[in-house]
Amino acid sequence: MQRALFSRSALLAQQAAAALDGPLAARSAPLLLRLDRSMSSVSIPPPACMLRPLEVPLRYLFGPGPSNVPPRILAAQGRPIIGHLHPEMYEIMNDIKRGIQYIFQTENNMTIAMSGSGHAAMECAVFNTVEPGESVLVGVNGIWGERVAEIAERMGANVHRMVKAPGGYFSNKEIEQAVEKHKPVLFFLTHGESSAGLCHPVDGIGDICRKHNCLFLVDTVASLGAAPIFMDKQNIDILYTGSQKALNAPPGTAPISFNDRACHKMFNRKTKPVSYLFDMTCLSNYWGCDGQPARLYHHTGPVSGLFALRESLAIVAEKGLEESWKKHKEVAAYLYRGLEDLGLKLFIPDMDLRLPSVTTIAIPEGYNWRELLAYIMKHHQMEMTGGLGPSMGMVMRIGLMGYNCEKTNADMALHALADALKNCRKSKA
C-alpha cells in the first residue's frame, strides 16, 4: 500500500512539474512530492460517531440542575457570534453586571460573571482572598462545604471545618465560637445546600464576621432566585451563584460579587493568586470594574454563554425577584403536600429550612433508590437524582426551579414517582 501511495504521489508530482517550464519545474517536483506525501499520511480515520448527526433526547430535568432552558434563552444563545472584545460585547457585559447586582441585591462595583460553572466562582473567591498559611473556616453540612475545604487546602490554607450531618445547620452562636477560636480570614457557608435540600439561615452571620475581621463567603448556586438573599443588607462580603439552576441559562457562567472589604483583602496580597485565569486583578479589568479607560485581553469569554446569561437575568428582572421567590415557595409547598400524600417522608422536617428549588425525600423503606430513578428515567424521560457526597444513599432529590417551577411539573413528578413506587420491586424487609 505504501508503494502504491508513493507511486500515486510521484505521478502527481510529475504531472505538476510537466505543467511548468524550465528549471522551475525541476525544483518544484520534489517539493510537490513532499507536500502530497505529508497530506496523505493520515493514519487515524475519521471516527464513525463524528459522521453521524448530533442526537439529544428531550428530557424533563427535574433534578438539582441543570434545569430545562426556556426557548427565549436558547434563542439568545443562538444569536450570531461577535468578538469578545467588541464594544457591543462590552455593553452586554455591562448589562450582565447590572443584572447580577439586582439579583444579588448589591451595589458592589466588583461584580462579574466567571467563565465556567459555579466551581469556577468558588475557586475564584478562595484563590483571590486567601493566601497560603492563612486560616479558613468552612461550614460543612453537605458536599459544597467539603469542596471549598479541599480547594482551600490545595492552595495552602490552614482549613478548619465545622461539621454537621446532611440536613444540619449551624447556629450563630456556634459560628461565632468557631470564628473566635480559629481567627479565620474567611468563613464559608452554603445558603442552598442542594445535596441535602437545606436553605441555611444567613441573618446575623455577616455581622459576626465583621466583628472579628473575617470575610463572609456565601454559595447561592442552588438557591439564587428561589430563596431570598440580600448581599448588602446581610453583610455578605463575597457571593456567587451558577447560571444553570433557577436562572435557567445553560451551564458555563457563574456570577460573583466582592464588596469593598473583600476587594481590600484581595488587592493587598503579599503573593499572587495561584490561578492566572481566576486572578481578579485581570478579571476586574476585563469586566470594566477597575476604573481603567481600556479593557485589556485576558481570556476569550464564552460569548454565546454570556448572551444566554444576559437573557436569563432580563427574565428575572421583568418578573421581579419577589415574584420569583413567591412562586418557588408556592410550588415547593404544593410538591410537599403531594409527596406526603404518596406516603413519602421529607428529609428536612422544618419547612422553613427547606430549599424551595431542590426538595429532598428520605429513600422509601424497602426500595432501591437507583431502581426507582432508573425506572422514572426510562418510562417518563424524567431526571430525578439521588444524594451527593455525604447525602448519598440517604435521599432522593427533586428540583423544580426557574422555568420548571410550575405546579403542572410538580404533578408530572408526583405521577412518575407514584408509578415507580407501584412498579419497582420492594424488598420484604
Side-chain angles (χ1 to χ4, degrees), residues 64-65 118 122 125 136-150 152 159-182 184 186-212 214-231 233-241 245-246 325 328-329 332-333 336 345-362 387-399 401:
M122 182 186 288
V136 172
L137 179 64
V138 180
V140 179
N141 59 343
I143 192 169
W144 308 120
E146 289 184 344
R147 290 284 169 89
V148 168
E150 181 171 346
V159 176
H160 307 279
R161 293 168 172 83
M162 299 176 64
V163 181
K164 296 272 188 178
Y169 70 97
F170 307 96
S171 69
N172 286 13
K173 182 179 180 180
E174 290 174 316
I175 292 169
E176 182 156 26
Q177 288 175 343
V179 169
E180 289 175 343
K181 178 180 178 180
H182 299 295
L186 182 75
F187 171 58
F188 169 84
L189 187 70
T190 309
H191 181 234
E193 181 45 82
S194 58
S195 66
L198 180 84
C199 190
H200 201 291
V202 173
D203 286 342
I205 300 175
D207 298 331
I208 293 170
C209 291
R210 292 199 174 193
K211 177 182 174 182
H212 297 279
C214 166
L215 296 178
F216 185 28
L217 167 62
V218 178
D219 177 316
T220 64
V221 172
S223 59
L224 191 88
I229 196 80
F230 303 91
M231 184 173 188
K233 289 181 181 178
Q234 293 174 315
N235 286 332
I236 298 169
D237 298 298
I238 312 162
L239 188 72
Y240 67 85
T241 193
K245 308 224 179 210
W325 297 334
H328 280 85
K329 186 176 181 179
Y336 301 156
K345 180 182 178 182
L346 292 158
F347 184 69
I348 305 295
D350 187 341
M351 183 181 291
D352 292 335
L353 293 176
R354 292 174 189 161
L355 181 59
S357 51
V358 181
T359 297
T360 46
I361 55 175
L388 187 64
S391 68
M392 179 72 74
M394 299 174 67
V395 300
M396 291 168 53
R397 298 184 290 163
I398 306 167
M401 59 191 92

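All figures in this text were calculated on a predicted structure; none of them were measured in a lab.
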Query raised in the report: Between Trp144 and Ser194, which heavy-atom pair has the shortest distance, and what is it?
Result: NE1-OG, 3.0 Å
Query raised in the report: What pairs with Arg354 under side chain to side chain donor-acceptor pair (under 3.5 Å), at least two apart in sequence or on another chain?
Result: none
Query raised in the report: Any side-chain heavy-atom pair from Val138 and Val159 closer than 4.5 angstrom?
Result: yes
Query raised in the report: With side chains defined as the heavy atoms from C-beta onward, is the minimum distance between Leu355 and Leu198 less than 4.5 Å?
Result: no
Query raised in the report: If you take all heavy atoms of Asn141 and Glu193, which pair is closest and at what distance?
Result: O-CG, 3.8 Å
Query raised in the report: Where the side chain of Glu174 meets the backbone of Ser171, is there a donor-acceptor pair that is under 3.5 Å apart?
Result: yes
Query raised in the report: At their closest point, which heavy atom of Gly167 faces which heavy atom of Ala196, and how far apart are they?
Result: N-CB, 3.5 Å
Query raised in the report: So how far is it from Leu215 CG to Phe188 CZ, rounded to the nearest 0.5 Å?
Result: 14.0 Å
Query - Point-to-point distance, once rounded to the nearest 0.5 Å, from CE of Met401 to CG of Leu224 - result: 12.0 Å
Query raised in the report: Rounded to the nearest 0.5 Å, how far does CD1 of Ile175 lie from SG of Cys209?
Result: 7.5 Å
Query raised in the report: Hey, what's the ring geometry for His160 with His182, parallel, tilted or perpendicular (30° and 60° as the breaks)?
Result: parallel
Query raised in the report: Any side-chain heavy atom of Val148 within less than 4.5 Å of one from Met122?
Result: yes
Query raised in the report: Hey, are the side chains of Lys245 and Ser357 touching, using non-hydrogen atoms and a 4.5 Å cut-off?
Result: no
Report task. Return yes when atom NZ of Lys164 has more than 12 non-hydrogen atoms of other residues, nucleotides or ligands closer than 6.0 Å, and no otherwise. Result -> yes
Query - Test log, rule salt bridge (Lys or Arg N to Asp or Glu O under 4.0 Å), inputs Lys211 and Glu176 - result: CA-CA 10 Å; Lys211 177 182 174 182; Glu176 182 156 26; 3.0 Å; yes
Query raised in the report: Can you name the nearest heavy-atom pair linking Pro166 to Ser391, along with the distance?
Result: CG-N, 4.0 Å
**Report entry** More than 12 heavy atoms from other groups under 6.0 Å of OH on Tyr169
**Finding:** no
Requested in this report: For residues Leu189 and Ile205, determine if any side-chain heavy atom of one lies less than 4.5 Å from a side-chain heavy atom of the other.
Outcome: yes
Report task. Return yes if a side-chain donor-acceptor contact under 3.5 Å exists between His191 and Ser223, otherwise no. Result -> yes
Query raised in the report: With a 3.5 Å cut-off and no angle check, do the side chains of Tyr240 and Asp219 form a donor-acceptor pair?
Result: yes
Query raised in the report: Is a donor on one side and an acceptor on the other found under 3.5 Å between the side chain of Asp237 and the backbone of Phe216?
Result: yes
Report task. Indicate the atoms forming the closest heavy-atom contact of Thr220 with Thr241, along with that distance. Result -> O-OG1, 2.9 Å
Query - Inter-residue atom distance Phe347.CZ - Thr360.OG1, 0.5 Å rounding - result: 6.0 Å
Query raised in the report: Of all heavy-atom pairs between Ser195 and Arg397, which one has the smallest distance, and what is that distance?
Result: CA-NH1, 3.6 Å
